[in-house]
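Order of the sequence lines fixes the chain letters, A, B, ..., with proteins taken first and strands second; residue numbering starts at 1 for each chain. Predicted, not measured: the structure shown is a model, and the values here were computed from it.
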Amino acid sequence: MPLRAKVASSVSRTAAALSRAAGRGDGSVIGGWIGLKIDPDLLAHLAAGRAIALVSGTNGKTTTTRLTAAALGVLGPVATNSFGANMPSGHTSALAKAGSTPYAVLEVDEHYLAQVLDATEPRVVALLNLSRDQLDRAKEVAMMAQMWRSMLVRHPSIHVVANADDPMVVWAATSPATKSEGQQPSPAVTWFSAGQRWQDDSWVCPECGAPIDRAADQWWCTGCPLLRPKPQWIVEEDGVLDPTGAWHKVVLQLPGQVNLGNAATALAVAAEFGVRPTDAVPRLAAVASIAGRYAQVSRNGRNIRLLLAKNPASWLEAFEMADAAPTLLSINARDPDGLDTSWLFDVDFAPLRGRQVLITGDRAYDLAVRLEVNEVPFQHVRTFADAVAAAPPGRLEVIANYTAFQDIRAELDRVN
Amino acid sequence: VSTETLRIVWIYPDLLSTYGDRGNLLILARRGTQRGIPVEFTEIRSDQPLPSSADIYLIGGGEDGPQALAAQRLIADGGLHRAAAQGSVVFAVCAGYQLLGGSFFAKGAQCAGLNLLDLHSDRGATRAVGELAGAIDPRLGLPPLSGFENHGGRTHLGPEVSPLARLTTGIGNDGTSEGAWRGKLLGTYSHGPALARNPALADLLLSWAIGVNELPELDDTWANRLRAERIAAVAGRA
């Protein structure tokens, strides 16, 4: 590593330690930010010599990153940004902090994927899904898919692990050259299938604008050859089918069908590094919670479980994994959440009917209006403590968007 | 109303439904039903013919490509023109609002609109993202508009339409006015579920469709709290 990079890396670690000591954060961003100021190529220097997997998509990237890092742990030490700090400063911090490791698994914000891919030259990139998320500042879905597509054209040697069930991802991962040959999957793509609950961002073909039709788990464009490629890794029942046709039972501590899908993705990525599914599966079972997500905390006789849901697609998944128990919903609209609450009307809250529903957060009134139209009775509470008091002893599911989740996590002593 | 039932059509949700647009449909349907009016709503996809006999038509927001495609298909279909000529109510949001005019810009090219409203849209130097607030045209008899906008267009009104509102916060059409209306056609940049924050506007559309001047009051406690909070928030920032 050049001297400048060494200095930058060391300063970066010190700043992260200071940030943690000062109680200002978990140090996962500030150290990298300072390091990159000293050496703008620091991320590339820190990445050099490591075999790297990048994980990106609208939803599931933090969890899939953690599961993939657990699976790659079979081979040796793995550097990873496990706190969800998913921009270049976070990657720089994570790699600097980890020291020299043969492997790294990095969660990447979908907008930064091209930049991080250029800097880190990964062996594998996993593309999970694309759906509407914080449209007041984020790119629209079709623009995002186009950005990924152009990026992959520039890096034809990188192996892609991609979601066969998401038409936008398939289009992004299918290079324009292979498309003309009758939609043969590009040889550099491994497809996985985990089902797709949210479909409202892919009714129209990103290639030609014709409607996309669906039947059972298949989808196809009615106007051009784009269609669902045959997946090699498939979630089936409570396990995962691998490309050889062997089925592996997957036991997770994480709830929900969506996490089985994340596990399948992790197994597919790990396999590209030579990890056998039979060796990886037991390691996935050890993952209990990720930066507070899925964490369970006991408080005043309530078993509180924290679920993070940031956009319509992830709310659908949260309802699927939540128990039919009293549920607290908390919504903010601060900068990290996006300032616009319109998406609440893209979520059907009907699954909550019949449960005790409590609402709180900066934007509880937006939620109140939404729930009223949805005919879901609710009770507004001012604070998290009021919510806990209002729920009977037993399970309390908490579903919150990003900063609302962090606020509640802070009340629970930054539970991990 | 053309029959006993109030019929609402949501135009092309497969193309124009970017962020919570379904809310306007749900809110109109609920506010009708709560007053004992039977409501029937239909979602018409862009590969289906548009019925011209409904009472209220809704068009939502969308990205450039789908917006251009929706305009082409609506022009070719002709159903919305027939409906408007018969006096149906049309409520259009964001990209849907732009395509009611003579022309708009999508993907860097000028596209022909439906020419139902005397206006045309082009690109602004900056994207307009944030809270919208303003006083609605007094002839409509509504409380102030509250909304959220997210668009790159600027809209220029001709003499045959009136602005929906004069803005105190936000960009809207051009930094001063917001939206447009003529007869029973009404468009706004207040995107997504615009009617969630503006129940009185929802009732105006319903009363136009039913042909009455007044509707029984509903309990709008939560909507009013939301409005008060948003209006205070933009006032505090100004």
Side-chain angles (χ1 to χ4, degrees), chain A residues 131-146 168 199-214 222-223 311-312 331 333 338-350 359 362-375 377-378 380, chain B residues 12-31 33 45-48 60-66 68-70 72-73 93-94 127 129-131 147-150 190-197 199 218-230 233:
Chain A
S131 68
R132 61 189 68 183
D133 183 31
Q134 302 183 19
L135 286 184
D136 57 310
R137 60 171 187 163
K139 286 215 184 321
E140 292 171 338
V141 173
M143 284 161 72
M144 200 71 241
Q146 179 62 61
M168 303 308 277
Q199 304 180 333
D200 282 358
D201 288 308
S202 51
W203 289 112
V204 176
C205 176
E207 176 67 27
C208 73
I212 284 177
D213 270 355
R214 289 183 165 88
T222 55
N311 50 49
I331 298 292
L339 304 176
D340 185 7
T341 56
S342 297
W343 59 269
L344 288 169
F345 282 85
D346 286 325
V347 179
D348 182 5
F349 290 87
I359 66 169
D362 297 350
R363 299 300 290 271
Y365 293 156
D366 292 76
L367 189 54
V369 170
R370 172 65 189 115
L371 292 175
E372 208 172 39
V373 176
N374 221 160
E375 295 173 341
F378 61 88
H380 177 230
Chain B
Y12 300 171
D14 54 327
L15 294 176
L16 298 175
S17 170
T18 307
Y19 225 32
D21 289 289
R22 178 180 296 277
N24 294 324
L25 175 68
L26 298 175
I27 288 162
L28 285 173
R30 179 172 160 84
R31 298 183 77 82
T33 307
R45 276 175 57 152
S46 59
D47 55 350
Q48 298 173 303
E63 304 181 10
D64 274 19
L69 204 58
Q72 284 170 19
R73 290 180 184 172
V93 162
C94 209
R127 208 169 163 80
V129 183
E131 293 283 328
F148 195 95
E149 64 181 331
N150 182 0
S190 178
H191 87 164
L195 301 179
R197 286 203 206 173
L218 297 177
D219 177 2
D220 282 323
T221 305
W222 291 107
N224 288 335
R225 283 181 188 170
L226 171 60
R227 284 177 59 78
E229 177 201 279
R230 297 328 302 157

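Residue B/Ile27 touches chain A through both its backbone and its side chain, counting heavy-atom pairs closer than 4.5 Å. Contacts between B/Arg227 and chain A at a heavy-atom distance below 4.5 Å are absent for every atom of the residue. Residue contact with chain A, scored on non-hydrogen atoms closer than 4.5 Å, is absent for B/Arg31. Looking at B/Asp14, the atoms closer than 4.5 Å to chain A (heavy atoms on both sides) sit in the backbone and in the side chain alike. For chain B, no part of A/Leu344 is nearby; none of its heavy atoms comes within less than 4.5 Å.
Chosen from B/Gly192, B/Gly23, B/Pro13, B/Ser46, the residue pairing most often with chain A at heavy-atom distances under 4.5 Å is B/Gly23. Ranking B/Pro199, B/Ser17, B/Gly65 against chain A, the residue ahead of the rest is B/Ser17, based on heavy-atom pairs under 4.5 Å.
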Checking B/Glu229 against A/Asp366 for the side chain to side chain contact (heavy atoms under 4.5 Å, CB included) test, could you report, in this order, the C-alpha distance in whole Å, the side-chain angles of both residues, the deciding distance, and whether it holds?
CA-CA 10 Å; B/Glu229 177 201 279; A/Asp366 292 76; 4.2 Å; yes

Check the pair B/Asp21 / B/Val93 against side chain to side chain contact (heavy atoms under 4.5 Å, CB included), numbers first and verdict last.
CA-CA 8 Å; B/Asp21 289 289; B/Val93 162; 4.0 Å; yes

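Under the 4.5 Å side-chain criterion, counting only non-hydrogen atoms from C-beta, A/Phe349 is not in contact with A/Phe378.
The pair B/Arg30-A/Glu372 does not count as a salt bridge, with every side-chain nitrogen at least 4.0 angstrom from each carboxylate oxygen. With respect to the salt-bridge test (charged N to carboxylate O, under 4.0 angstrom), the residues B/Arg22 and A/Asp348 do not qualify.
A donor-acceptor contact shorter than 3.5 Å links the side chain of A/Arg370 to the backbone of A/Val347.
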